[in-house]
Amino acid sequence: MKFSHFCQVLSQLEQTSSRNQMVVILSGLFKNLRPEETAETIYLLQGRVAPLYEPIEFGLSDKLLVRAISKAYEVENSAVVHQQQKLGDLGKATETIASQRGKNVKSDQSVFQVHARLFAIAKTSGLGSVDKKINLVGDLLSLLDPLSVRFVIRIVLDTLRLGFSDMTMIEAFSWSIDNSKAHKLIIESAYNIRPDLGQIATILKKDGISGLRRLQPSVNTPILMARGERLTSGEDIINKIGRCALEHKVDGFRLQIHFSKKRDTVRLFTRNLEDATVMYPDVVEGIKQQINAAEAIFEGEAVGYNEKSGQFLPFQETVQRKRKYHIEEKALEIPLKLICFDVLYKDGQTLLSRPYGERRKILEDMVKSGPVLSVIEEKVVETPEEVKVFFQDAVTRGLEGIFAKRLDGAYQAGARGWNWIKYKRSYAGRLEDTLDTVIMGYDYGTGKRTSFGIGALLLGVYNPKKDRFETISKMGTGLTDIEWKEMRQKLDLLKVSEKPARYEVDKAQTVDIWVNPKIVIQVRADEITRSPVHTAGKDNQQLGYALRFPRLETIRDKIPEDASSVAEVISIYKAQGKQKV
DNA sequence: GATGCCTGCCC
DNA sequence: ATTCTGC
DNA sequence: GCAGAATGGGCAGGCATC
């Protein structure tokens, strides 16, 4: 298939908002693919050159692509950035430039050839590689017509923005068989345990649906991880799932463990299925010592642990264990605990569709007591009151929230199903988790937000001692489309051409448009953290303070000097609890 | 060798 | 991570 | 209610540059 034709289909998809219609279009595209080019084309449809979990990345994003585009079409960097801001999309910006400056290219590259070039770009590394990659992108652009240029840029950016993703493709695969969605479940089940749409599509082409039916979970092939839905009260939880198991929500990072005793292997996968085995040798050793099974796939939350105090460490410290170098030293400094909470496969048996209660028992039998692994404590409850008590206790201990798990629920791989429900302190609507902040400026935004001309706000708190506004966060969520438009109108009345003198802002947090301090908004956050880039409470070389997961609560009727003060921020930070095991 | 921009991946 | 929106 | 697309802080690491 010609890449230019492929891009015409993408363009057609971009103009389609009905997912059913997308399914028909994608299915047509899929049917036109030869088996040898199927996998590559599917990866490109996902804005990639390889499956999600392969560590093959372009290492080029908007900043470096702007340089590549500017060089390829011999225009100024600033001209590219201008188009990008105007259109909210670097792909469209490049398309525009290409049609103005390009040499009327007759593009006859195949999808396969473009994939190969993109793959080569992703594989380029080492001294001088930035310039090399920029040149390779330029070479590719020069071979393509303007429409193809639009999509090739978006593929590199990993933002195809066509309104479809995995699930729509799966429906399209089903449609390609007999114009129905009847096979969706089988394909989805196959995808859950072999999360590589290129491979799924290839199997479908070669062996049909029966080829997918045969697939079983396999040790060392990651399984798509289940996610929880969110609810905000004990009543809602009991109404939704009835009698359930409650667990503390541990603030570390998710690991899926693939263990084989006979091969003496352990592999660790992150939530996005990246292989993280080499990063956590202490966890690997713990698993070898404490797992009583010939083969198993199970999950847990890895969290840093302070041996002296017996407390879990905050996420900011735990995450330092995610590294490529100095692994052993850091492991001594920040040892990890693995809090296990589910098992998906054991000794030849798939457990995915077994009830949670049953999986839990198998897990308990499988994990021997020892220094690294433990099974998460649970409490089985059946009333909203019991949920409330458990939740309150968790909050008092400084935890971020709880999980409620349906006792008869299957492991919903990939899905955000209702078998697991997340209930966090910050959802509870308490005033203590909000701050009143001043809007200091805004960014134009990209994609969908371009039409509003605003995508994110820069927020600050007031420092009365210095009479300055110091940044605490940017914020890009919590407003409806209408509210964004209204906000843009309000802010335009306050727009200034230079950063106001009373603003204290790090270079890394500059915005497209500065505004005078006038509008105060109430912002909800999960936590206050120490920040290397936000200036709130920052003294000399010290760290400042920032918000974790900031979102709009309401607009306040207050003067900016009455916004939350730096002192308040610091006192909330100090009041944040530490977590006992 | 130190610094800073940029990216990818955790949440 | 959170949140909003079209289907 | 699902699927998708907007957006956040902040860590380590790659590379360019001083």
Side-chain angles (χ1 to χ4, degrees), chain A residues 16-22 55-67 88 124-133 157-171 227 229-230 251-255 270-274 276 279 301-302 314-327 330 400 414-418 422 424 426-427 443 445-450 452 454-459 472-484 507-509 523-534 543-552:
Chain A
T16 312
S17 64
S18 154
R19 280 188 60 237
N20 285 338
Q21 190 56 38
M22 289 180 195
I56 299 171
E57 312 302 334
F58 290 110
L60 293 169
S61 191
D62 52 356
K63 298 284 195 300
L64 295 178
L65 280 178
V66 163
R67 278 169 59 187
T124 304
S125 66
L127 198 69
S129 62
V130 171
D131 277 336
K132 207 183 285 178
K133 284 199 270 195
L157 284 172
D158 196 8
T159 52
L160 228 24
R161 280 202 279 246
L162 299 179
F164 70 86
S165 187
D166 313 24
M167 288 306 149
T168 312
M169 302 248 278
I170 284 169
E171 291 187 9
R227 301 173 187 214
E229 284 290 350
R230 294 174 299 178
D251 191 14
F253 44 83
R254 179 101 167 252
L255 290 176
T270 68
R271 205 185 75 162
N272 295 320
L273 312 185
E274 303 274 340
M279 294 179 184
E301 188 86 359
F315 181 74
Q316 254 179 311
E317 289 181 57
T318 297
V319 79
Q320 293 174 32
R321 284 296 311 275
K322 182 183 179 299
R323 57 172 52 240
K324 190 171 167 184
Y325 304 110
H326 307 116
I327 289 168
K330 207 67 179 178
E400 54 171 342
R416 284 194 290 256
W418 289 98
K422 190 162 45 160
K424 287 173 73 168
S426 68
Y427 307 158
D443 286 330
T446 64
K448 181 176 160 46
R449 296 273 169 91
T450 314
F452 313 151
I454 184 167
L457 304 171
L458 178 63
L459 305 177
I472 192 157
S473 197
K474 282 191 175 182
M475 191 200 71
T477 192
L479 287 81
T480 64
D481 290 1
I482 290 167
E483 288 170 330
W484 278 116
K507 196 160 54 219
Q509 294 295 325
V523 174
R524 180 168 294 281
D526 274 28
E527 195 182 2
I528 291 171
T529 60
R530 298 311 302 264
S531 170
V533 292
H534 284 289
L543 295 169
Y545 293 84
L547 304 179
R548 179 142 89 136
F549 311 142
R551 61 266 199 192
L552 178 80

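These values consider heavy atoms only, across backbone and side chains, with no hydrogens, waters or symmetry-generated copies. To find a chain, count down the sequence lines: A is the first, B the second, and so on, and within it residues start at 1.
A:Lys424 comes within 4.0 angstrom of the backbone, heavy atoms only, and of no base. Within 4.0 Å of A:Lys133, counting heavy atoms only, lies no atom of the nucleic acid at all. If you check every strand for non-hydrogen atoms under 4.0 Å, A:Thr159 touches nothing. Across all strands shown, A:Ser531 has heavy atoms under 4.0 Å from sugar-phosphate atoms exclusively, and none from any base. Counting non-hydrogen atoms under 4.0 angstrom, A:Phe452 reaches nothing in the nucleic acid. A:Leu255 comes within 4.0 angstrom of no nucleic acid atom, judged by non-hydrogen atoms across all strands. Using a 4.0 Å heavy-atom criterion, one finds that A:Arg321 contacts no nucleic acid atom at all. Residue A:Asn20 is out of contact with every strand shown, counting any heavy-atom pair closer than 4.0 Å. Within the nucleic acid shown, A:Ser426 has no heavy atom closer than 4.0 Å to any nucleic acid atom.
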- Under 4.0 Å protein heavy-atom contact, by nucleotide of nucleotides 6-11 of chain B - B base, S sugar-phosphate only: SSSSSB
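By the ring pair (Phe, Tyr, Trp, His ring centres under 6.0 Å) test, A:Phe253 pairs with A:Tyr280, sequence neighbours left out. A:Lys132 is linked by a salt bridge (charged side-chain N to carboxylate O under 4.0 Å, His left out) to nothing, counting only residues two or more places apart in sequence or in another chain. Partners of A:Val130 by side-chain contact (heavy atoms from CB on, under 4.5 Å), not counting sequence neighbours, listed by chain and number: A:Leu64, A:Arg67, A:Ile134. Applying the side-chain contact (heavy atoms from CB on, under 4.5 Å) test to A:Ile327 and every residue at least two apart in sequence or in another chain returns A:Pro281, A:Arg323. Residues meeting the side-chain contact (heavy atoms from CB on, under 4.5 Å) test with A:Thr450, sequence neighbours left out: none. A:Glu57 is linked by a side chain to side chain donor-acceptor pair (under 3.5 Å) to A:Arg48, counting only residues two or more places apart in sequence or in another chain. Take A:Gln21 and apply the side chain to side chain donor-acceptor pair (under 3.5 Å) test, not counting sequence neighbours, and it matches no residue.
A salt bridge links A:Lys448 with A:Asp481: at least one charged nitrogen is closer than 4.0 Å to a carboxylate oxygen.
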With the criterion being N/O to N/O and under 3.5 Å, what pairs connect the protein with nucleotides 2-4 of chain B, and how long is each?
none

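With hydrogens and angles disregarded, a donor-acceptor distance shorter than 3.5 Å links the side chain of A:Glu301 to the backbone of A:Gly252. Here the side chain of A:Arg230 pairs no donor or acceptor atom with the backbone of A:Tyr427 at under 3.5 angstrom.
Each of A:Val130 and A:Val533 has a nearest nucleotide on DNA chain D; the 5'-most of these lies closest to A:Val533. Map A:Leu127 and A:Ala415 each onto its nearest nucleotide of DNA chain D; the residue landing nearer the 5' end is A:Ala415. Each of A:Ile482 and A:Lys422 lies near DNA chain C, and the nucleotide nearest A:Lys422 is the one positioned closer to the 5' end.
If you walk DNA chain C from 5' to 3' and mark each nucleotide with an atom closer than 4.0 Å to a heavy atom of chain A, the marks span C:dA1 to C:dC7. Here chain A contacts DNA chain D (any atom closer than 4.0 Å to a heavy atom, that is under 4.0 Å), and the contacts span D:dG1 to D:dA16 from 5' to 3'.
Here the closest heavy-atom approach between residue A:Met279 and residue A:Arg321 is recorded as O-NH2, 3.5 Å. Nearest heavy-atom pair across A:Ala302 and A:Thr318 is O-CG2, 3.9 Å.
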Distance-only check: which donor-acceptor pairs under 3.5 Å involve side-chain atoms of residues 544-551 of chain A, not counting sequence neighbours?
residue  : atom : partner  : partner atom : Å
A:Tyr545 : OH   : A:Arg530 : NH1          : 3.4
A:Arg548 : NE   : A:Glu527 : OE1          : 3.0
A:Arg548 : NH2  : A:Asp251 : OD1          : 3.3
A:Arg548 : NH2  : A:Asp251 : OD2          : 2.4
A:Arg548 : NH2  : A:Glu527 : OE1          : 3.3
A:Arg551 : NH1  : A:Asp526 : OD1          : 2.8
A:Arg551 : NH1  : A:Phe549 : O            : 2.9
A:Arg551 : NH2  : A:Ser426 : OG           : 3.0
A:Arg551 : NH2  : A:Asp526 : OD1          : 3.4

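For the atom pair CG of A:Asp443 and CD1 of A:Ile454, the computed distance is 8.5 Å after rounding to the nearest 0.5 Å.
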